[in-house]
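Notes for the one structure printed next.
Values below: every heavy atom of this structure, side chains too, minus hydrogens, waters and symmetry copies. Numbers restart at 1 for each chain; the letters A, B, ... are given by sequence-line order, proteins then strands.
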There are 2 protein chains.
Amino acid sequence: MNFQQLRIIREAVRQDFNLTEVANALFTSQPGVSKHIRDLEEEIGVELFIRKGKRLLGLTPPGKELVPVVERILRDTQNLKTIADQFASNEHGNLTIATTHTQARYALPEVIKQFKQRYPKVHLTLHQGGPTEIAEMLVQGIADVGIATEVLHVSPALAAFPSYSWHHAVIVPHDHPLNAVQDLTLEAIAAYPIITYNEGYTGRAQIDRAFAQADLHPDFVLSAIDADVIKTYVEVGLGIGVIASMAFNPAKDTGLKLLNADHLFEKNTTYIAVHRGTFLREYAHQFALMLAPEIDESALRAAAESV
Amino acid sequence: MNFQQLRIIREAVRQDFNLTEVANALFTSQPGVSKHIRDLEEEIGVELFIRKGKRLLGLTPPGKELVPVVERILRDTQNLKTIADQFASNEHGNLTIATTHTQARYALPEVIKQFKQRYPKVHLTLHQGGPTEIAEMLVQGIADVGIATEVLHVSPALAAFPSYSWHHAVIVPHDHPLNAVQDLTLEAIAAYPIITYNEGYTGRAQIDRAFAQADLHPDFVLSAIDADVIKTYVEVGLGIGVIASMAFNPAKDTGLKLLNADHLFEKNTTYIAVHRGTFLREYAHQFALMLAPEIDESALRAAAESV
DNA sequence: TATCCTTACGGAATTCGTAAGCATG
DNA sequence: CATGCTTACGAATTCCGTAAGGATA
């Protein structure tokens, strides 16, 4: 048994059992991949993959049990290197953050500025994606921490901690009739075409839920991933916008007005997530604490260390 | 990085940093061991061992952090093989039990007979030793389950479950004056030379505690690891014996009489222990359940699977 | 001076990549 | 017939053991 064999097993699952792709992903030859798999199967005495003719289709029952152990071994080898790097220097290294546009654009800049002041030599990488992609990046070990409002609880392999809370707000052009309304209601909003986030992004589920509970069916005329796009279309008069309030900048968004809607939509909570069993560098840990100061530090360590 | 390097690191700790012994233990050459260590240290970029001249003296701080991860990786590779064997056959395999003389001689025979009936093809190995040796055998993965009355809680890496409880009793020759006594007291016992278990064995601590609390200082004229030895010396009149009551067999120990002492000594509990993070074969699991039927099955699985 | 580690080097074993062949959707 | 896996074989690399040398209790 060797590590290359284990990497191949893990990659085979990730590449949907296409060994040619596995070979590409691991920068090796395809026949070598085949041989490694057969060697390992022979060594441990069970077939890991279901085969139909020459193709691999999936995992056998033993394969299903063994793959998580393989993944843990490989994660631990990664941890070995990470811990060693930690001792080599607390100040340099890489930190990869997977997050959504909204967080990257409006919530993170302040924290990242602060982080860079403390750790100027740490190289930061920001990966952007939807919630499921963020979760996947954590699971695959591509990203160290993930930040999103939506379901980062999906996989039990992830540990999520609340970072901060915020509300949606309504944005309208300056000359819009809603500007005159005193107490904003869902009914009043639902009377106009609405531009807001895509499903699965930035608390969209909360927005839908609020209207559904009020038995309202507004016209979602356009949806987008980010507030900048939404604001643009509100400005051109396509409808009113519902965005995260922090995405409104009075200094820059001069053509628009922000209407408070805290009482209309449920509070949203943005979470910071890490992958259980993956060692966190000291600075990654500090980054998490900067973003969520009230996080239970020992819980974070525990999440990162146990499986 | 390869598994041999990791095995060498683990073995270096076990062999107290004597690389010659490491080479012997792993059936390889000593220069190879040295090279593997230096290669690994170079690869991860930190020194794992404190060196004085050419000798290794201990672990550096990074070494102390990394060794547990190395151990977990190696344990998981063992788990891979164990799980694979499990699928190859539920009925064959090996089960290694580490236990004390007392358990092996008096408590286990019935359970083992029952186990062999259910799993006739499983090869059983009984390793005998003191409590610390039993714990060590579990930690090193030499034994699958450990059974003892004494401290198996020492290492947090072990999970111990109560199996059954028992009391000490007094044994005397037939013509002994204590035979006539109605209500046995500690004072009455302490008046005679006592033969009982060695320190650290079969609840000896309970016996000492009982006398200490009564402020009695009996003459422990002889101590031994097993009841057979104790009985022999009681028969020749060297003193009275204090043994586990289950070690008395009225049919065979015809020259002796058993005096109940449940009210004099605290109850003892025999524990069954496994090493956390080590996968238990189905039959090993069943063995544990036979020995401790009221064990929480999910707790046992959890102990065996998490770290 | 005996123990223990390192360096050096040659051979053994493993791993890897290329080329060719075969099965399947 | 293109995709995907296997077999076969030679090259490259890694691993291992022996022999010799040096440091330390």
Side-chain angles (χ1 to χ4, degrees), chain A residues 1-60 62-63 66-67 70 73-74 77 80-81, chain B residues 1-60 62-63 66-67 70 73-74 77 80-81:
Chain A
M1 186 184 311
N2 61 46
F3 285 114
Q4 180 72 341
Q5 291 169 342
L6 301 186
R7 276 190 292 271
I8 286 171
I9 299 301
R10 178 178 65 178
E11 201 62 34
V13 175
R14 291 186 179 175
Q15 299 292 345
D16 210 28
F17 311 104
N18 180 327
L19 300 193
T20 306
E21 287 304 311
V22 170
N24 292 338
L26 299 179
F27 305 102
T28 184
S29 69
Q30 184 273 316
V33 168
S34 288
K35 183 152 197 315
H36 266 315
I37 290 178
R38 282 180 297 105
D39 285 350
L40 181 60
E41 287 182 326
E42 192 171 340
E43 179 178 345
I44 67 176
V46 295
E47 301 234 319
L48 296 172
F49 296 101
I50 299 170
R51 289 166 167 85
K52 182 168 182 187
K54 290 193 169 185
R55 314 257 166 140
L56 305 197
L57 295 180
L59 290 170
T60 58
L66 291 169
V67 162
V70 168
I73 291 173
L74 292 172
T77 65
L80 276 184
K81 290 176 187 161
Chain B
M1 186 184 310
N2 61 47
F3 285 114
Q4 180 71 341
Q5 290 168 342
L6 302 186
R7 276 190 293 269
I8 285 171
I9 299 301
R10 178 178 65 178
E11 201 62 34
V13 175
R14 291 186 179 175
Q15 299 292 345
D16 209 27
F17 311 104
N18 180 328
L19 300 194
T20 306
E21 286 305 310
V22 171
N24 292 337
L26 299 180
F27 304 101
T28 184
S29 68
Q30 184 274 316
V33 168
S34 289
K35 183 152 198 316
H36 266 314
I37 290 177
R38 282 180 298 104
D39 286 351
L40 181 61
E41 288 182 326
E42 192 171 342
E43 178 178 345
I44 67 177
V46 295
E47 301 234 317
L48 295 172
F49 296 101
I50 299 170
R51 290 167 167 83
K52 181 169 183 186
K54 292 193 168 182
R55 315 256 165 139
L56 305 200
L57 295 180
L59 290 170
T60 58
L66 291 169
V67 162
V70 168
I73 291 173
L74 293 172
T77 64
L80 277 184
K81 290 177 187 162

Identify all pairs in which a protein N or O lies below 3.5 Å from an N or O of nucleotides 9-11 of chain D, and state each distance.
none

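- To the nearest 0.5 Å, atom CG of residue A:N24 and atom OG of residue A:S29 are 10.5 Å apart.
- For A:N2 and D:dT14, the CG to C1' distance is 12 Å, given to the nearest whole Å.
- Between B:L80 and A:I73, the closest side-chain pair of non-hydrogen atoms falls below 4.5 Å.
- The CD atom of A:Q30 sits 11 Å away from the C1' atom of D:dT7 (whole-angstrom rounding).
- Residues meeting the side chain to side chain donor-acceptor pair (under 3.5 Å) test with B:Q4, sequence neighbours left out: B:R7.
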Polar pairs (N or O, both sides) under 3.5 Å between protein and nucleotides 22-25 of chain D?
residue, atom, partner, partner atom, Å
D:dT24, O2, B:R55, NH2, 2.9

A:L66 and A:I44: CA distance, side-chain angles, deciding distance, side chain to side chain contact (heavy atoms under 4.5 Å, CB included) verdict:
CA-CA 11 Å; A:L66 291 169; A:I44 67 176; 3.9 Å; yes
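- Taken to the nearest 0.5 Å, the CG atom of A:L48 stands 7.5 Å off from the CG atom of A:L59.
- Sorted by first and then second residue, the pairs that involve residues 32-41 of chain B and meet salt bridge (charged side-chain N to carboxylate O under 4.0 Å, His left out), not counting sequence neighbours, are B:K35-B:D39, B:E41-B:R51.
- Under 4.0 angstrom from either OP1 or OP2 of D:dC5 there lies no side-chain N or O belonging to A:S34.
- Residues from residues 21-29 of chain B lying near DNA chain C, meaning a heavy-atom separation below 4.0 Å, are absent.
- The stretch residues 4-16 of chain A has no heavy atom under 4.0 angstrom from DNA chain D at all.
- The ring-ring contact (aromatic ring centres under 6.0 Å, His included) pairs that include a residue from residues 16-43 of chain A are A:F17-A:F49, where partners are two or more places apart or lie in different chains.
- Listed by chain and residue number, nothing satisfies the side chain to side chain donor-acceptor pair (under 3.5 Å) test with B:T60 (two or more places apart in sequence, or in another chain).
- Spacing between atom CG of A:L19 and atom P of D:dT6 amounts to 6 Å, rounded to whole angstrom units.
- The CZ atom of B:R14 sits 9.5 Å away from atom CG of B:L26, with the distance rounded to the nearest 0.5 Å.
- Here B:F17 lies in heavy-atom contact (under 4.0 Å) with sugar-phosphate atoms only.
- Here the CG-CZ distance, from B:L74 to B:R10, works out to 4.5 Å after rounding to the nearest 0.5 Å.
- At least one side-chain heavy atom of B:L19 sits under 4.5 Å from a side-chain heavy atom of B:I37.
- The end-to-end axis angle of the helix from C:dT1-D:dA25 to C:dG25-D:dC1, rounded to 10 degrees and based on five pairs per end, is 40°.
- Contact check, B:H36 against D:dC16: a side-chain N or O comes under 4.0 Å of OP1 or OP2.
- Partners of A:E21 according to the side chain to side chain donor-acceptor pair (under 3.5 Å) rule, which considers only residues two or more places apart in sequence or in another chain, do not exist here.
- By the side-chain contact (heavy atoms from CB on, under 4.5 Å) test, A:D16 pairs with no residue at all, sequence neighbours left out.
- Sequence order on DNA chain C of the closest nucleotides to B:R38 and A:G32 puts B:R38 first from the 5' end.
- With a cutoff of under 4.0 Å to any heavy atom of chain B, the contacted region of DNA chain C is bounded 5' to 3' by C:dT3 to C:dT7.
- The backbone N or O of A:N2 sits less than 3.5 Å from a side-chain atom of A:Q5, completing a donor-acceptor pair.
- Contact record, B:A25 with B:E11: CB-OE2, 3.6 Å, taken as the closest heavy-atom pair.
- Although no hydrogens or angles enter the test, the distance criterion places no donor-acceptor pair under 3.5 Å between the side chain of A:Q15 and the main chain of A:V22.
- In this structure the side chain of B:L40 reaches within 4.5 angstrom of the side chain of B:I9, judged on heavy atoms.
- With the nearest nucleotide of DNA chain C identified for both B:T20 and A:P31, B:T20 has the one nearer the 5' end.
- The structure places CG of B:L6 at 9.0 Å from OG1 of A:T77, a figure rounded to the nearest 0.5 Å.
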